[in-house]
Amino acid sequence: MAQLDTRQKLEILADAAKYDASCASSGSVKRDSRGGKGIGSTDQGMGICHAYAPDGRCISLLKILLTNSCIFDCHYCINRKSSNVRRARFTTDEVVQLTLAFYRRNYIEGLFLSSGIIASSNYTMEQIVEVARSLREDHDFRGYIHLKTIPDADPELVHQAGMYADRVSINVELPTVSGLKRLAPEKSATQIEGAMAATKADILDTADAKKRYKSAPRFAPAGQSTQMIVGADAATDRDIVGRAAGLYGKFGLRRVYYSAFSPIPDASAVLPLKRPPLMREHRLYQSDWLMRFYEFSPQEVADAADDTGMMPLDIDPKLAWALKHRARFPVDVNRAPREMLLRVPGLGTRAVGKILAARRWRRLSLADIGRLTVSIAKIRPFLIASDWRPVALADKLDVRTLVAPKVEQMELFG
Amino acid sequence: MRVVTLETEDDFDGWRDVVRGLVLDHVPPDQVVWQVGDEHGELFTGQVPLAPPSTGAFSVPRPFIDLARNAILHTDRERFALLHTLLVRLRDQPKLMEDQADPLVRKLEGFAKAVRRDIHKMRAFVRFREVQDDGGTRYVAWFEPEFHIVRANAAFFVNRFATMRWSILTPALTIHWDGKRLTEGLGASKADAPDGDPVEAVWKTYYASIFNPARVKVGAMLKEMPRKYWKNMPETALVPALIASAQARESEMVATAKTKIVPGGNIQAAWEALREEAMNCTRCHLYKHATQTVFGEGPVDADLMFVGEQPGDQEDLAGHPFVGPAGQMFDRAMADAGVDRARAYVTNAVKHFKYELRGKRRIHSKPDAGEITACRWWIDQELALVKPKMTVALGATAARSLFGKAMTIGRERGRVLELPDGGAAWITVHPSYLLRLPDEDAKREEYAKFVADLKAAAAAM
């Protein structure tokens with residue numbers, strides 16, 4: 001095979017990475033390049049999306065694979081051993097130079113490096129760590145680095161990865177153990193969770209050391225995340241939410257990403273050949289937000305699902321929950337506690353914060369609430385304000401038709 | 001009327017110094033005209049000059065300062081006066097900043113929010129191009145901000161690119177960093193900026209490759225990357241072609257996948273794993289009362305697939321489909337139709353037995369739409385694996401599952417239909433319907449029609 005140039009490799013190895021949903025460059029420590037020899041900064045908590053692709057996803061990091069060759073044969077993966085795709089492999093220096101060239105032009109926030117498994121898990125992990133080491137030590141790069149760790153790599157290598165990276169992640173791949181067994185025969189749920197537990201321990205240890213010694217090194221300050229593929233096994237939304245809640249609880253994950261299974265070229269026969277259920281993915285992200293920011297328990301989120309365990313596609317899960325618990329509404333914006341305000345469909349965390357601050361000084365009217373939210377029309381049936389009581393609306397049986405979106409969102413060219 | 005002239009559009013310090021005096025002197029906001037530079041020329045010259053402001057201090061809540069610093073960068077002409085008004089009201093209502101529902105606070109927060117967004121977009125959408133000058137390598141960008149944010153945003157770029165030499169050119173102001181010092185210059189035009197960089201082609205390659213054509217969401221892209229920024233971002237030139245070719249690329253992906261599969265080991269292994277997974281299915285409540293999941297059976301490379309309604313009492317106990325009275329009726333009809341029963345794949349729309357207990361008897365009960373929908377996932381997987389040339393729906397429940405909507409058997413019977421995934425389908429009655437007919441003549445007649453359907457469906461492949 002003729003030698004591929006960097007640009008041809010990029011075409012193959014970015015294409016191979018496009019099924020990974022995570023892109024965040026947020027939540028790390030604050031760093032900048034003043035007084036250093038290299039470039040780069042991270043803005044504590046704030047990620048920057050440098051472009052958006054026509055699939056609506058943000059481009060924040062240079063997201064590529066080191067190689068798309070793989071000795072594993074996971075059925076959902078375009079890079080699996082039995083797939084017929086073109087293969088390519090970057091040298092570690094190519095990745096370093098590409099990252100720096102893009103970063104200098106302000107195209108990206110940093111690097112998200114993953115890889116197919118070549119030779120052995122340890123060899124692959126060494127190569128990934130070498131890219132990060134070179135960026136940090138040879139080039140004093142202070143931008144964001146996210147490294148994907150390899151399931152059964154030596155814990156010492158994973159530890160090194162965390163010393164260079166802002167974030168490390170390992171994918172749980174499928175929400176059910178049976179799905180993982182069927183679709184990723186070489187991976188094991190126990191092994192993946194073991195790696196997550198080890199990373200959690202590393203993060204806690206260094207955070208602890210940091211409290212005592214200011215100079216203690218940081219380990220993955222932006223924490224760890226994971227991804228699961230939705231729609232390739234039989235898991236229901238209720239199963240998935242339960243699984244995510246378990247992962248958040250056990251391993252202190254910052255994020256669980258959901259990636260709607262997408263038809264891939266040369267797909268394995270095991271997989272459904274259909275366009276990904278994008279709305280389902282969206283509803284799962286909304287459910288995830290309810291747990292992370294709206295103080296919903298996993299049981300409450302699961303409660304928004306229908307009898308078959310799936311979230312409704314036509315309305316968001318918060319509205320679905322509210323419609324199932326009509327007795328708890330309307331909520332008095334001038335009296336209700338924070339956790340109940342957070343349950344009002346259409347009231348975001350910011351609006352709730354503003355309501356709580358403002359009502360210490362005066363009673364709020366419907367017009368006041370209207371100024372704090374995007375649309376008052378959909379919230380009205382669930383609220384009591386100083387000049388508003390939704391008697392007529394609350395008694396109507398079909399609140400759903402009143403508040404649900406009238407027109408279905410177009411998926412294509414919407 | 002007092003006229004106050006600020007040095008620049010983003011002169012927060014100048015505004016603060018003056019407004020402090022105005023508030024101490026109790027000058028009402030509507031008695032002040034704010035202007036920037038010499039924009040109004042002589043219009044106001046000769047009018048009441050500004051008296052030396054009173055000195056003194058009063059405390060202002062921190063949130064107001066944060067708000068004012070951003071809001072003042074807005075282009076709205078009223079911003080200086082509105083902030084002055086808010087400041088006057090704050091002296092009487094020190095907690096006013098906490099009342100975010102107040103119309104004036106809201107309006108100014110709106111200004112600040114728009115400014116913050118513009119600041120964020122500048123950090124995201126500035127695109128440097130590498131050039132060589134006397135000092136070596138320099139990175140130069142052309143950017144058109146909506147508000148007066150460039151000076152306020154400079155520190156961000158200094159922190160990020162501290163060791164690079166760079167310039168950001170904008171219509172109103174240019175800023176330059178030489179590695180040590182930040183300097184300012186007059187506004188520039190796009191022609192002053194370099195017009196190319198070889199790395200841009202590599203970046204465009206990345207942009208095109210990371211886009212997944214199976215997930216086009218143009219609205220979501222435009223929400224975060226409005227068109228007004230596009231003209232200075234090289235990659236956006238690719239967008240129309242990427243969208244236009246997305247559907248073709250997706251179809252190609254699916255088509256490649258369809259042709260590459262070799263019948264044999266992989267499918268058999270996949271089917272066995274799928275069946276094993278189905279044994280633990282809890283997607284609806286039916287699993288709680290049924291004995292076991294009754295999965296489909298037959299060769300995984302079958303050309304004909306038959307989909308019944310659900311396992312009955314005998315199937316539930318045996319764990320195999322089509323073994324009860326209806327299954328025997330089906331076998332007989334297949335033989336009479338001359339279709340090889342052993343070469344067909346048979347399965348059910350719902351994989352658990354649903355029944356009502358009457359005394360000691362378990363009476364079949366029709367699955368509802370929710371149960372059919374929950375179970376549809378399995379049928380979809382079986383269809384994807386077996387890829388039959390013809391799928392025959394036996395009865396209304398099977399038709400509903402396969403087509404995703406209610407189908408009238410009488411109307412759709414007797415011709416080839418197209419499934420949502422593109423495959424060919426045929427609809428006929430369920431064999432149990434023949435068992436239930438009380439009248440012998442009708443039974444004979446319907447049986448003959450059923451056999452004719454089986455024959456015709458097999459012939460239509």
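Residue numbers start from 1 in every chain, and the chains themselves are labelled A, B, ... in the order their sequence lines are given, proteins ahead of strands.
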Is the closest side-chain heavy-atom distance between [X] and [Y] below 4.5 Å?
{"X": "B:Arg127", "Y": "A:Tyr107", "result": "yes"}
{"X": "A:Leu10", "Y": "B:Val202", "result": "yes"}
{"X": "A:Ile48", "Y": "B:Phe156", "result": "yes"}
{"X": "A:Ile108", "Y": "B:Trp203", "result": "yes"}
{"X": "B:Tyr206", "Y": "A:Phe102", "result": "yes"}

A:Glu109/B:Arg123 salt bridge by N-O under 4.0 Å criterion: no

Cationic N near anionic O, under 4.0 Å, A:Arg104 to B:Glu130: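 Answer for the salt bridge query: no.
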
Among the options [options], pick out the one with the most heavy-atom pairs lying under 4.5 Å from chain A.
{"options": "B:Leu242, B:Thr373, B:Val239, B:Val158", "value": "B:Val158"}
{"options": "B:Ala101, B:Ala374, B:Ala162", "value": "B:Ala101"}
{"options": "B:Ala201, B:Ala141, B:Ser209", "value": "B:Ser209"}
{"options": "B:Lys121, B:Met225, B:Met233, B:Glu272", "value": "B:Met225"}
{"options": "B:Met164, B:Glu276, B:Arg160", "value": "B:Arg160"}

Heavy-atom cut-off 4.5 Å, strictly under: side chain, backbone, both or neither for [X] against chain B?
{"X": "A:Asp20", "answer": "neither"}
{"X": "A:Arg238", "answer": "neither"}
{"X": "A:Arg57", "answer": "side chain"}
{"X": "A:Lys37", "answer": "backbone"}

Does [X] reach the main-chain N or O of [Y] with its side chain, forming a donor-acceptor pair under 3.5 Å?
{"X": "B:Glu277", "Y": "A:Arg182", "answer": "no"}
{"X": "B:Arg283", "Y": "A:Ala234", "answer": "yes"}
{"X": "B:Thr163", "Y": "A:Gly38", "answer": "yes"}
{"X": "A:Asp55", "Y": "B:Asn212", "answer": "yes"}

Greater than 12 external heavy atoms within 6.0 Å of A:Asp307's CG: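 Counting other residues, nucleotides and ligands, CG of A:Asp307 stays at 12 neighbours or fewer.
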
CZ (A:Arg86) with more than 12 external heavy atoms under 6.0 Å: no

Option that, when pairs with chain B are counted at under 4.5 Å, heavy atom only, ranks first among A:Ala357, A:Ala367, A:Gly36: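 Ranked by heavy-atom pairs under 4.5 Å with chain B, first place is A:Ala357.
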
Residue among A:Gly309, A:Gly40, A:Gly35 with most heavy-atom pairs under 4.5 Å to chain B: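 Sorted descending by pairs with chain B, the first entry is A:Gly40.
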
Rounded distance (nearest 0.5 Å) linking atom CG of A:Asn106 with atom CD1 of B:Ile168: 8.0 Å

side-chain contact (heavy atoms from CB on, under 4.5 Å) assessment of B:Gln100 paired with A:Leu372: CA-CA 7 Å; B:Gln100 294 278 319; A:Leu372 295 177; 3.8 Å; yes

Positions in residues 102-109 of chain B that reach chain A, provided some heavy atom is under 4.5 Å away: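 Within residues 102-109 of chain B, near chain A: B:Asp102, B:Pro103, B:Arg106.
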
Region of B:Ala278 in contact with chain A, defined by heavy-atom distances below 4.5 Å: neither

